[in-house]
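Within every chain, numbering begins at 1; the chains are lettered A, B, ... in the order of the sequence lines, protein sequences first and strands thereafter. Hydrogens, waters and symmetry mates are skipped; everything else that's a heavy atom, side chains included, is used.
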Amino acid sequence: MSAPEKIEQDEVASVSHEELLRRIGQNQDREAFIELFNYFAPRLKSFLLRNGLREDRAEDLMQDVMLTVWNRAADYNERLAKASTWIFTIARNRRIDYLRKFSRPEPSLEVVPEEFLQSEEKADPVTKREERKTIANLLETLSPEQAELIRKSFFEDKAHGAIANEMNIPLGTVKSRIRLGLQKMRDTLKDKEAWL
Amino acid sequence: MTNAEMIADNPRCCLPLLLDYACGALDEAQSLVIATYISMNPSVHSFVQVCEKAGGDLLARECGETTVKQDALQAVLARIDGKKEPQIEKPCCKPRTCCEIEVPAPLARYLAFAGHDVPWQPLLTGMHQYRIPVSRGTRSIARLVKLAPAVKVPAHNHRGIEITLVLHGSFHDETGAYKRGDISVADSSIHHAPVADAQTGCVCLTVTDAPLRFAGLLGSLLNPFLRF
């Protein structure tokens, strides 16, 4: 691969996933969708496999999730969630529909409190990229014990009680680790003012 | 101290349940009570958002790239171009008033009675319940429980986890006082006998994943029959 091509690729990669979603939502941009698909499809499938789904089911569900991403992209609000967060929630809800056969009760927030909204000032793309660099992965801000519990919750699709049983850790210890972990992550985000 | 910090400081706080909810690990009845709770306490929502963001980070950064089917992209593009597939629409429901209680939207969806009154069933003196229908196979049971003013629930502890959200009035027990919008999470370490407010009584949304254990002589009579 020649050097100029490499640079060009990097430039392509620098279009944020949030921007790709915006292009899909506003212009039904297929190129943007293909780029998003190439990034997220293998990760989604891997996530679903780690959740215990069989290979063919994980593949089907991944395709469903990506189709939903296309269909719902117009609803995506960059001020409310990062692209990866939004896609994670779609995958979670489709998995619940599929495995547990119920439609997940969702909270209704008639007024979204201002603290949940990314301010216009913070929406500056350069600042955002900087912030993303400083906390690329929220779990890295946690102690290994706290992070392990949160990983297990997501990857193994288990409630905290089941995790306590399985790991043979007292329920109270599991609860306090989760409590401290969530507070820590929330404080980190508050300090960095980087919800997104 | 902000409202969210107070919630986090409560030793019986529900943060672990919020994580379970964000992961999708709760059953339908438990998801219902947590979604209703969040609707009544918007500041709690930030914790769920923190969890979802962690989920997004795990998806983007810690999931190895598994091989997808060679024609996966083509298959999805074909579905995009094909006939509009029926979308799974969430039944939309507005908050509504039910027996003079304001019911948040997630719960209102489950209280679609033909009439306007909850079809209460008597349970014990001064106690009524309505069992909320959920999908088959849901482990937990969701109920509306109505306590007349000053009524005391027989002392009990829990085999599993009992989540109680106050919708109207208030109650108090050994662990504190709970008013509209407050949640009480009781597990096997909690033994309590809730008492409804003397003026207002209390209406709660209660979700249990195992039958309660009532104490004492009354309990030995109640346990086999009440199956609460």
Can any side-chain N or O of [X] pair as donor or acceptor with the backbone N or O of [Y] at less than 3.5 Å?
| X | Y | answer |
| --- | --- | --- |
| Ser84(A) | Ala60(B) | no |
| Arg104(A) | Leu32(B) | no |
| Arg186(A) | Phe47(B) | no |
| Ser46(A) | Gly64(B) | yes |
| Lys53(B) | Thr85(A) | no |
| Asp57(B) | Leu138(A) | yes |

Going from [atom1] on [X] to [atom2] on [Y], what distance comes out if it is rounded to the nearest 0.5 angstrom?
| X | Y | atom1 | atom2 | value |
| --- | --- | --- | --- | --- |
| Leu49(A) | Cys63(B) | CG | SG | 9.5 Å |
| Thr66(B) | Arg43(A) | OG1 | CZ | 10.0 Å |
| Cys14(B) | Arg179(A) | SG | CZ | 11.5 Å |
| Ile150(A) | Leu58(B) | CD1 | CG | 9.0 Å |
| Ser108(A) | Arg109(B) | OG | CZ | 12.0 Å |
| Ile178(A) | Leu15(B) | CD1 | CG | 9.0 Å |

Find the one option among [options] whose heavy-atom pairs under 4.5 Å with chain A are most numerous.
| options | result |
| --- | --- |
| Thr36(B), Asp27(B), Ile161(B), Ile34(B) | Asp27(B) |
| Ser31(B), Ser135(B), Gly55(B) | Gly55(B) |
| Ala72(B), Ala54(B), Ala75(B) | Ala72(B) |

Using side chain to side chain contact (heavy atoms under 4.5 Å, CB included), reason through Asp81(B) and Arg30(A) one step at a time and then give a plain yes or no.
CA-CA 11 Å; Asp81(B) 293 332; Arg30(A) 288 168 81 95; 2.7 Å; yes

Name the region of [X], side chain, backbone, both or neither, that has any atom closer than 4.5 Å to a heavy atom of chain B.
| X | answer |
| --- | --- |
| Gln63(A) | both |
| Leu180(A) | neither |
| Arg95(A) | side chain |

Hey, does Leu77(B) have a side-chain heavy atom less than 4.5 Å from the side chain of Phe37(A)?
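In short, these two side chains do not touch, never coming nearer than 4.5 Å.
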
Between Thr67(B) and chain A, with a heavy-atom cut-off of 4.5 Å, which part of the residue counts as in contact: side chain, backbone, both or neither?
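The backbone, not the side chain.
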
I'd like to know if Arg79(B) pairs up with Asp64(A) as an ion pair, taking the criterion as any Lys NZ or Arg NE/NH1/NH2 lying under 4.0 Å from an Asp or Glu carboxylate oxygen.
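A salt bridge is present here (some side-chain N lies under 4.0 Å from a carboxylate O).
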
Between Arg92(A) and Glu52(B), is there a salt bridge with N-O shorter than 4.0 Å?
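Salt bridge present between Glu52(B) and Arg92(A).
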
Give the minimum heavy-atom separation between [X] and [Y], together with the two atoms involved.
| X | Y | value |
| --- | --- | --- |
| Asp20(B) | His160(A) | OD2-ND1, 2.6 Å |
| Pro107(A) | Tyr21(B) | CD-OH, 3.1 Å |
| Pro105(A) | Tyr110(B) | CG-OH, 3.6 Å |

Choice from Ile96(A), Leu149(A), Leu182(A), Leu139(A) maximising heavy atom contacts with chain B below 4.5 Å:
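With the most close heavy-atom pairs to chain B, the winner is Leu182(A).
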
I'd like to verify something: which residue of Phe40(A), Phe155(A), Trp86(A), Trp70(A) has the highest number of heavy-atom pairs under 4.5 Å with chain B?
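Looking at each of Phe40(A), Phe155(A), Trp86(A), Trp70(A) in turn, Trp70(A) comes out on top.
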
Check against salt bridge (charged side-chain N to carboxylate O under 4.0 Å, His left out), Lys69(B) and Asp56(A)
CA-CA 9 Å; Lys69(B) 274 196 190 146; Asp56(A) 53 339; over 6 Å; no

Would you please test Val76(B) and Phe33(A) for side chain to side chain contact (heavy atoms under 4.5 Å, CB included) and show each step?
CA-CA 10 Å; Val76(B) 174; Phe33(A) 180 74; 3.8 Å; yes

Within the supplied structure, the quantity of interest is the number of heavy atoms (other residues, nucleotides, ligands) at a distance under 6.0 Å from Glu174(B) CD; does it exceed 12?
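Yes.
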
Can you list everything that forms a side chain to side chain contact (heavy atoms under 4.5 Å, CB included) with Ala74(A)? Sequence neighbours excluded, please.
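Ala74(A) satisfies side chain to side chain contact (heavy atoms under 4.5 Å, CB included) with no other residue.
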
What residues, two or more places apart in sequence or in another chain, satisfy side chain to side chain contact (heavy atoms under 4.5 Å, CB included) together with Ser153(A)?
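Ile163(A), Leu19(B), Cys23(B).
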
Distance under 6.0 Å and angle within 45° of the ring axis: does Arg136(B) meet both against Phe102(A)?
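Geometry flag: not set, cation outside 6.0 Å or 45°.
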
Evaluate Glu62(B) against Arg151(A) for salt bridge (charged side-chain N to carboxylate O under 4.0 Å, His left out), listing each step before the verdict.
CA-CA 10 Å; Glu62(B) 293 192 26; Arg151(A) 279 198 182 87; 2.5 Å; yes

